[in-house]
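Here the structure comes first, spelled out in structure tokens, and everything after it is commentary.
Both backbone and side-chain heavy atoms feed into the values below; hydrogens, waters and symmetry mates do not. Quick note on labels: first sequence line is chain A, next is B, and so on, each numbered from 1. Please read these numbers as outputs of a predicted model, since none were measured by experiment.
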Amino acid sequence: DAKTTQPPSMDCAEGRAANLPCNHSTISGNEYVYWYRQIHSQGPQYIIHGLKNNETNEMASLIITEDRKSSTLILPHATLRDTAVYYCIVRRTSGTYKYIFGTGTRLKVLA
Amino acid sequence: EAGVAQSPRYKIIEKRQSVAFWCNPISGHATLYWYQQILGQGPKLLIQFQNNGVVDDSQLPKDRFSAERLKGVDSTLKIQPAKLEDSAVYLCASSSRGSGRLNTEAFFGQGTRLTVV
């Protein structure tokens with residue numbers, strides 16, 4: 001499974017867009033990019049995933065570069081409740097389907 | 001839809017004692033995961049089940065940890081004997097086995113916080 005690199009922490013003003021980067025330069029063609037977040041004292045929560053096209057859902061947007069070596073999770077209007085650790089995970093679509101978590105990015109939304 | 005249920009939420013034991021955690025996945029989910037999350041770190045996969053079979057237990061310390069998933073539904077994770085370094089949150093997750101991008105996200109329980117003293 002490809003490894004990911006994320007900044008350890010970021011701050012974002014409430015109401016502004018939060019852009020969380022992830023580097024996955026060793027990603028292979030059959031691997032998806034997943035994003036999860038973990039709010040304090042809770043289990044990780046699924047946000048979004050994609051293969052090569054940009055994706056959007058009610059929570060966030062995922063922008064994957066054309067070479068697929070990096071991606072950005074965008075929270076369009078961050079709120080205080082978005083304060084959490086955000087994990088970028090590269091996951092195969094065949095085999096054991098396992099999720100390997102790194103240390104993530106600790107996002108702090110400031111009032 | 002009910003989520004992944006775990007119990008207990010908290011457990012404090014002395015080192016060398018044994019402890020067991022229980023997980024009830026989302027109904028119909030074939031895949032079940034146990035993760036260990038030490039404070040300040042990301043979750044670490046301990047074991048993955050597909051129905052009642054183990055597909056990955058490479059990170060499970062088998063000299064003291066064991067897990068089972070009888071009948072492919074509920075699962076228990078046991079530690080015997082516990083060490084101080086086992087203090088962590090133990091997370092259970094489940095997912096349906098989907099092909100491609102459908103229904104492959106994992107849903108996590110709230111975890112069991114274990115403190116070994």
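- Hydrophobic clustering, with ILVMFWY side chains joined whenever heavy atoms are under 4.5 angstrom apart, groups A:M10 together with A:W35.
- With values rounded to the nearest 0.5 angstrom, A:Q42 atom CD is found 13.0 Å from B:F108 atom CZ.
- The environment of B:K62 atom NZ is dense: over 12 non-hydrogen atoms of other residues, nucleotides or ligands sit within 6.0 angstrom.
- B:L45 and B:L60 are members of different hydrophobic clusters when ILVMFWY side chains are connected at heavy-atom separations under 4.5 Å.
- Side-chain contact between B:Y33 and A:Y99: present, with at least one pair of heavy atoms (C-beta onward) separated by less than 4.5 Å.
- In the hydrophobic clustering of this structure, B:L32 does not group with A:Y46; members are Ile, Leu, Val, Met, Phe, Trp, Tyr whose side-chain heavy atoms approach within less than 4.5 Å, directly or through other members.
- B:W22 and B:L114 are not part of a single hydrophobic cluster, where members link through side-chain heavy atoms under 4.5 Å apart.
- In B:L39, the CG atom is not crowded: 12 or fewer heavy atoms of neighbouring residues, nucleotides or ligands sit closer than 6.0 Å.
- Below 4.5 Å, heavy atoms of chain B meet no heavy atom from residues 12-22 of chain A.
- With a 4.5 Å cut-off on non-hydrogen atoms, A:Y87 touches chain B through its side chain but not through its backbone.
- Following chains of ILVMFWY side-chain contacts shorter than 4.5 Å, one cannot reach B:F107 starting from B:W34, and the two form parts of different hydrophobic clusters.
- Panel note: side chain A:Y34, backbone B:E105; no donor-acceptor pair is recorded below 3.5 Å.
- Judged by distance alone, the side chain of A:Y36 and the main-chain N or O of B:A106 form a donor-acceptor pair under 3.5 Å.
- Neither the backbone nor the side chain of B:Q6 comes within contact range of chain A; no heavy atoms are under 4.5 Å apart.
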Check the pair B:L91 / A:Q38 against side-chain contact (heavy atoms from CB on, under 4.5 Å), numbers first and verdict last.
CA-CA 12 Å; B:L91 295 161; A:Q38 188 172 25; 4.2 Å; yes

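- Scanning both residues, A:S41 and B:R113, for their nearest heavy atoms gives OG-NH2, 4.4 Å.
- Residue B:I12 qualifies as open at atom CD1: its count of foreign heavy atoms under 6.0 Å is 12 or below.
- Ring-centre distance between A:F101 and B:Y35: below the 6.0 Å cut-off.
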